[in-house]
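Keep in mind that this is a model prediction, so the values were computed, not measured.
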Amino acid sequence: GIAQSEDRGRSWSVVTRDHRFIDDIATRPGTQTLVASSQRSVEFFRSTDGGLTWTVQSHFRPLRSVTHGGGDVWYGLEFRGTLNNPIVRSSSDGVGFELLSSQPDGSGGYRDIAFRDADTGLVVDEGDGNSGTGGIWRTDDGGASWTKVLRSHNDFSVTYAGEDTW
């Protein structure tokens, strides 16, 4: 199910008791649009009324993670197993996603993604189990090119917190 808080997390109300597995939810700031992903299903869910109702969308592979990139642009991670989880992009306000033509030169074990705007984002690579094969990759051109900014083999998550804070 999905619950929401309108008082900074002090109290919660259940929006839906749908028993689907939800792994991630992202919001489009200043609107009521939400996208929820599930790595257990080729379906993902989209709401335009703040989560009161949801439309089931289909994707050819499950989405592991999703983030809003600005305007009608959203990014996500397909889930294909431990490795080879490519980055996808939506230019249709989260209605559908397509494979990003350029992927970071990492292991493909991407586990989390966050974007500040349509161009600037980070993706977390778990690595292949060997020391130093994972890390955090950054793009400043909407995913056309990627630079490794942190080398590690540990698990990380990434969140954009506003301004230049990650």
Within a strict 4.5 Å, meaning less than it, do heavy atoms of the [X] and [Y] side chains meet?
X	Y	value
Val123	Ile136	no
Arg111	Leu77	no
Thr159	Trp166	no
Glu78	Leu99	yes

Nearest 0.5 angstrom please: [X] [atom1] to [Y] [atom2], how far?
X	Y	atom1	atom2	answer
Thr48	Leu34	OG1	CG	9.0 Å
Phe79	Tyr110	CZ	OH	15.0 Å
Asp119	Asp141	CG	CG	7.0 Å
Asn85	Asp125	CG	CG	9.5 Å
Ser90	Leu63	OG	CG	10.0 Å
Ser157	Ile113	OG	CD1	13.0 Å

How far apart are the closest heavy atoms of [X] and [Y], and which atoms are they?
X	Y	result
Lys148	Gly135	CE-CA, 4.1 Å
Ile87	Gln103	N-OE1, 2.8 Å
Ser5	Arg8	OG-N, 3.8 Å
Thr165	Tyr160	O-CD1, 3.5 Å
His68	Ala26	N-CB, 4.1 Å
Thr53	Asp49	OG1-OD2, 2.6 Å

Exercise for review: Any chance you could lay out the side-chain hydrogen bond (donor to acceptor under 3.5 Å, both in side chains) test for Ser65 and Asp24, step after step, and finish with the verdict?
Suggested key: CA-CA 6 Å; Ser65 183; Asp24 198 15; 2.9 Å; yes
Exercise for review: Run the numbers on Val66 and Trp74 for side-chain contact (heavy atoms from CB on, under 4.5 Å), then give the verdict.
Suggested key: CA-CA 7 Å; Val66 65; Trp74 296 73; 4.2 Å; yes
Check this for me, if you would: do [X] and [Y] make a salt bridge, where the nitrogen-to-carboxylate-oxygen distance has to be below 4.0 angstrom?
X	Y	answer
Arg46	Asp93	yes
Arg116	Asp164	yes
Asp72	Arg28	yes

Revision key, fill the gap. Those residues at least two apart in sequence (or on a different chain) that pass side-chain contact (heavy atoms from CB on, under 4.5 Å) with Gln4 are Glu6, Ser13, Val15
Exercise for review: Starting from the C-alpha separation in whole Å, work towards a yes-or-no answer on side-chain contact (heavy atoms from CB on, under 4.5 Å) for Val124 and Trp137.
Suggested key: CA-CA 7 Å; Val124 176; Trp137 295 81; over 6 Å; no
Exercise for review: Would you kindly confirm whether Val88 and Phe115 end up in one hydrophobic cluster when ILVMFWY residues are joined by side chain heavy atoms under 4.5 Å apart?
Suggested key: no
Review point. Is it true that Val56 and Val95 fall in one hydrophobic cluster, defined by side-chain heavy atoms closer than 4.5 Å?
Key: no
Exercise for review: Report yes if the distance between the aromatic ring centroids of Phe45 and Trp54 is under 6.0 Å, otherwise no.
Suggested key: no
Review point. Can we call the ring centroids of Tyr75 and Phe97 under 6.0 Å apart?
Key: no
Check your understanding: Under 6.0 Å from the CG atom of Asp105, do we count more than 12 heavy atoms belonging to anything else shown?
Key -> no
Exercise for review: Kindly indicate, with the supporting measurements, whether the criterion side-chain contact (heavy atoms from CB on, under 4.5 Å) is fulfilled by Val158 and Asp112.
Suggested key: CA-CA 6 Å; Val158 64; Asp112 202 6; 4.1 Å; yes
Practice item. Dump the intermediate steps for side-chain contact (heavy atoms from CB on, under 4.5 Å) on Trp146 and Leu100, then the final yes or no. Key: CA-CA 12 Å; Trp146 295 88; Leu100 202 62; 4.0 Å; yes
Exercise for review: Return yes if some donor-acceptor pair links the side-chain N/O of Thr27 with the main-chain N/O of Pro29 below 3.5 Å, else return no.
Suggested key: no
Check your understanding: Short question: side chain of Thr67, backbone of Ala114 - any donor-acceptor pair under 3.5 Å?
Key -> no
